[in-house]
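Worksheet: one structure, shown below.
Just so it is clear: chains get the letters A, B, ... in the order the sequence lines come, proteins before strands, and each one is counted from 1.
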Amino acid sequence: MSIKEFAKGYEPHEVEKRWYAYWEKEQLFTAEDQSPQASYSIVIPPPNVTGVLHMGHALNNTMQDILCRYRRLRGDNVLWMPGTDHAGIATQNVVEKNLAQEGTDRHQLGREKFIEAVWQWREKYGSAIINQLKRLGASCDWGRERFTMDKGLSIAVRKVFVQLYEEGLIYRGNYIINWCHRCHTALADLEVEHEEHDGHLYHIRYPFPDGSDGIVVATTRPETMLGDTAVAIHPEDPRYQNIGHDTVLLPLMNREIPIIKDSYVDMSFGTGGLKVTPAHDPNDFEIGARHNLASLKVISDNGDMTAEAGSYEGLDRFECRQAVVKDLDQQGLLIKVEPYKHSVGHCYRCKTVVEPNLSKQWFVRVKPLAEKAIAAVKNGETKIIPDMWTNTYYDWMYNIRDWCVSRQIWWGHQIPAWTCGDCGEIVVAMEAPQACQACDSKNLVQETDVLDTWFSSALWPFSTMGWPQETPLLKTFYPTSALVTGFDILFFWVARMMMMGIHFMGQVPFKEVYVHALVRDEAGKKMSKSKGNVIDPLSVIERYGTDAFRFTLAAFAAQGRDIKMSEKRVDGYRHFINKLWNAARFSMMHLDRGYEAANLQNLSLPDKWILSRLQHVTSEVTAALDSYRFNEAAGAIYNFVWHEFCDWYLEAIKPALYDNDRRDTLESTRAVLWRVLRDTLVLLHPFIPFVTEEIWHHLPGTDGSIMKAVHPVDAAESNRHQKAEAEMALLMEVITAIRNVRGEMNIAPSLSLQVQVQSDDRHTRKICQAHQDLIINLARLSSLTVENPGQRPKSSATAVVNSASIFVSLEGIIDFAKETQRLERAIKKLAAELTTVAKKLENEGFLTKAPADVVEKVRQKQSALLEKQQKIQTNLDKIKEVEA
RNA sequence: GGGCGGUUAACUCAGCGGGAGAGUGCUACCCUCACACGGUAGAAGUCGCUGGUUCGAACCCAGCACCGCCUACCA
């Protein structure tokens, strides 16, 4: 390997392009339909086909990719199922906007042509997000990519709809739903975003028919009064026990409406009178049902007032509000208007204020499905991680209400229901029926509504694997191993997949659900286009490289905490990638072949030590990844690479590598260096796939892709060299102590020092003696002597490590004042520590109640501290003597 | 209204019953033959507040304060 081929700095872009193409060409992401290996599977949360990659996707898919690559390296047969979601409303909106620019609209085109236009749009732009996922390094099995509107998935949707209908779990009815006037469709309760608004509370007097006082009601939406069909009071409200009237006169409309008694009314709110508008309020709808009230729809599906609104017909709903208020005021019926904060529902797709509206829709009866989905989590078939989401899941499932699944748009799965034009019979079937089941009429019209997009994505874990056919893929990979998703779609998607998976597959869709946090901006604010604080993942990738970006995401992905992202942080981890690159670059200068078969006996201390530390970090990384603690895995390996491998190991072995006279140590050290670098690359590969693959191909003795390597096994603590770790720790402390003296005494790094170590501990002396080259080299010494305690070398600065006193000879350059100061500071620090330790040991309770090993540990600490303090004190005294 | 999370070094965050940690930033010195996207060393914290449990609390419990989020049929 020539250094020329190894650039001084890592340049990601060309490397990323090259290796991604290579992985795809070599089919390294492909899962086997059947395999003797253990199966591991994840289905991707399908991004909207209209989407562009945002930070949430980047985090979500980086995590999945880490897990999948990790499992492949462990030898599993891994399926990461990719695909996109047809995103009914969102996609329709986008295409409609395009049409508007061309001066046309979907109604001019007609349904069929419009759908065609959407498919064309998808052909053209639908792969954008897929390509962006590839930039991120996602190792999905692209050959199996699915789309929720694909033929196979559409069959699954129909099958599910028909079966649920036959089981009585889907029904059609006239109910209050949330209506978006802009998207012109019903929305499920979940699809409504509530937001606090500063509004007004209007108090309106509804007089009795004879014109007397009447009842005062309060409302935030006065325009709905036009559709009132009753006024309700609480049956026990003392204020209304003797009113002597059964009706009031609805102002503006001059309609007599009944006064009804219903315990839903809150007596403590306002005057205790409640206007009832069954067609425009969910509560009122229920009250209306209880009291057989008529429902008058005064707001149309377009958002303007209907003929039922009398003279207000045709006004926009908000204009109408102004008009109604003005008219009431003129008639003296507006008692007062007060500012009022209340929450207003908005469409989650277009942010328009939604209106509760009476409408004929299709619903899924979810209670029975939810019960099983609750049970599956209760009995552990599916585990939600972190656990805090479990309660949120239960809470929602327990309070679940029927799911409105019909949407009045064109882009989506058309509901497989046909109405007979002659007898009104409804036929629900997989295929268009030839004739009406009831009257044999051929006059059948298919339902024009389509299904909620989430209806099809609820089937994703099995529909993508070929269901309703019994495919080998399902057998191998269902239930999936894990689902990785953000909490924002816990209800939308996760809960519904649970219900559908259990109902149709008889098994939960995933064994574990890892719920991750949100990516926010630097200030912790949610990223949004309107705030202008979005960071585009692709621009981050452009600037810093995919690996640096991925490692940043992993490093900050602590469970249960949002990630605050800034480019500065990515830059920090770019340094890490570069560090790794240069460590490899250095290593390559000394490795000309593979050392797979090398005999690793008779190793030097640093060699034994680094192998032991490698073992340790392997345990840490595997344990962390097995429990979705991505940040801990990333942190562990970061520390290992930078601070153990680079800072200590590479520095420690340099003499051996450059010493051509000692072929034996040279070769064994090279072998260890090779082994450690190789395993480190494999450990790192799931996090930073590109740079590790690139280095892998520079590393002699490797064959093919790093993706085919074997992940270092977690052989637990048994392979640790405890002795080597302890010895190395001692040497590191000695070296650090000497460096500390150098730093604090302001001695030029170029000046070689003479050092004497004195210790009455034979073991300490032996280790320092045996590894004096290491100390000399790493602490930049000209000489090192190791002695029994004795005469203190003249003009020296001192440090104490364990039982050893370290004398750094500073003949001619010692600054006694500085040294005195330094030692006094050290003693002061020790004294503080000794106080806390002594306090413990003087505490009777501690001595009797604390575990023996804890007490023993504190005792040992005390004696160590005392010894150290005393040694430093002695040195301090000596200096003062000399000085005096 | 109900629930959840957060509050630890200047910043970002780990730690969650027995020695207050990391990264970034900061200070000093250094272009030492992998890396200045670097090296060596250093300074820096009543672990939000108040009580309680415990021999021992950043960590467990209760209350409070302030942020953030989710949820809800409060007209």
Taking only residues two or more places apart in sequence, or in another chain, which ones meet [X] in a side-chain hydrogen bond (donor to acceptor under 3.5 Å, both in side chains)?
| X | answer |
| --- | --- |
| A:Glu856 | A:Gln860 |
| A:Tyr340 | none |
| A:Glu833 | none |
| A:His643 | A:Asp647 |

Using whole Å, report how far [atom1] of [X] lies from [atom2] of [N].
| X | N | atom1 | atom2 | value |
| --- | --- | --- | --- | --- |
| A:Asp562 | B:C67 | CG | P | 18 Å |
| A:Phe269 | B:A75 | CZ | C1' | 5 Å |
| A:Leu580 | B:G38 | CG | P | 13 Å |
| A:Leu650 | B:A34 | CG | P | 10 Å |
| A:His516 | B:C4 | NE2 | P | 22 Å |
| A:Asp189 | B:A72 | CG | C1' | 11 Å |
| A:Glu196 | B:C69 | CD | C1' | 14 Å |
| A:Asp395 | B:C69 | CG | C1' | 15 Å |

Checklist outcome for this item: Walking RNA chain B from its 5' end, the first of A:Glu11 and A:His342 to be reached, judged by nearest nucleotide, is A:Glu11
Checklist entry - Closest nucleotide of RNA chain B for A:Asn631 versus for A:Ser587: which of these residues is on the 5' side? => result A:Asn631
Compare side-chain N and O positions of [X] against OP1 and OP2 of [N] and report whether any pair is under 4.0 Å apart.
| X | N | result |
| --- | --- | --- |
| A:Lys341 | B:C74 | no |
| A:Asn399 | B:U71 | no |
| A:Tyr658 | B:A34 | yes |

Using a cut-off of 4.0 Å on non-hydrogen atoms, how would the nucleic acid contact of [X] be classed: base, sugar-phosphate, or nothing?
| X | result |
| --- | --- |
| A:Thr219 | sugar-phosphate |
| A:Arg739 | sugar-phosphate |
| A:Lys275 | nothing |
| A:Phe556 | sugar-phosphate |
| A:Thr736 | sugar-phosphate |
| A:Asp266 | base |
| A:Glu651 | base |

Next on the checklist: Is there, by distance only and without an angle test, a donor paired with an acceptor across the side chain of A:Lys579 and the base of B:C35 below 3.5 Å?
Outcome noted: yes
Item to check | Side-chain donor/acceptor contact of A:Lys654 with base of B:A34 under 3.5 Å | outcome: yes
Pick the [atom1] atom in [N] and in [M], then give their distance to the nearest Å.
| N | M | atom1 | value |
| --- | --- | --- | --- |
| B:G52 | B:G17 | C1' | 16 Å |
| B:G48 | B:A58 | C1' | 12 Å |
| B:G63 | B:C4 | P | 11 Å |
| B:C47 | B:C16 | C1' | 11 Å |
| B:C74 | B:C60 | C1' | 37 Å |
| B:C31 | B:G15 | P | 41 Å |
| B:G51 | B:U71 | C1' | 32 Å |
| B:C35 | B:U27 | C1' | 23 Å |

Give a yes or no on whether the ring-centroid distance for [X] and [Y] is below 6.0 angstrom.
| X | Y | result |
| --- | --- | --- |
| A:Tyr658 | A:His590 | yes |
| A:Tyr573 | A:Tyr544 | no |
| A:Phe687 | A:Phe576 | no |

Checklist entry - Taking the inter-plane angle between the rings of A:Phe487 and A:Trp389 on a 0 to 90° scale, is it parallel (under 30°), tilted (30 to 60°) or perpendicular (over 60°)? => result parallel
Tell me which nucleotide among [options] gets nearest to the side chain of [X].
| X | options | answer |
| --- | --- | --- |
| A:Phe491 | B:U71, B:A75, B:A36 | B:U71 |
| A:Asn740 | B:G15, B:G42, B:A72 | B:G42 |
| A:Ala558 | B:A75, B:G42, B:C13 | B:C13 |
| A:Glu632 | B:G15, B:C55, B:C35 | B:G15 |

Checklist entry - What string of B, S and - do you get for nucleotides 18-32 of chain B, 5' to 3', when a contact is any protein heavy atom under 4.0 Å? => result BB---S----SSS-B
Next on the checklist: Which residue in the set A:Tyr348, A:Trp396, A:Trp403 passes ring-ring contact (aromatic ring centres under 6.0 Å, His included) when paired with A:Phe492?
Outcome noted: A:Tyr348
Item to check | Between CZ on residue A:Phe491 and CD1 on residue A:Ile400, distance to nearest 0.5 Å | outcome: 9.5 Å
Checklist entry - Does the A:Asn582 side chain pair with the main chain of A:Asn578, one donor and one acceptor, at a distance under 3.5 Å? => result yes
Next on the checklist: So that I can compare with my own list, what are the stems of RNA chain B, taken as at least three consecutive Watson-Crick or G-U pairs with distances under 3.5 Å?
Outcome noted: B:1-7 with B:65-71, B:10-13 with B:21-24, B:26-30 with B:38-42, B:48-52 with B:60-64
Next on the checklist: Here's one to test your reading of the geometry: is the NZ or CZ of A:Lys579 within 45 degrees of the ring axis of A:Phe645 and under 6.0 Å from its centre?
Outcome noted: no
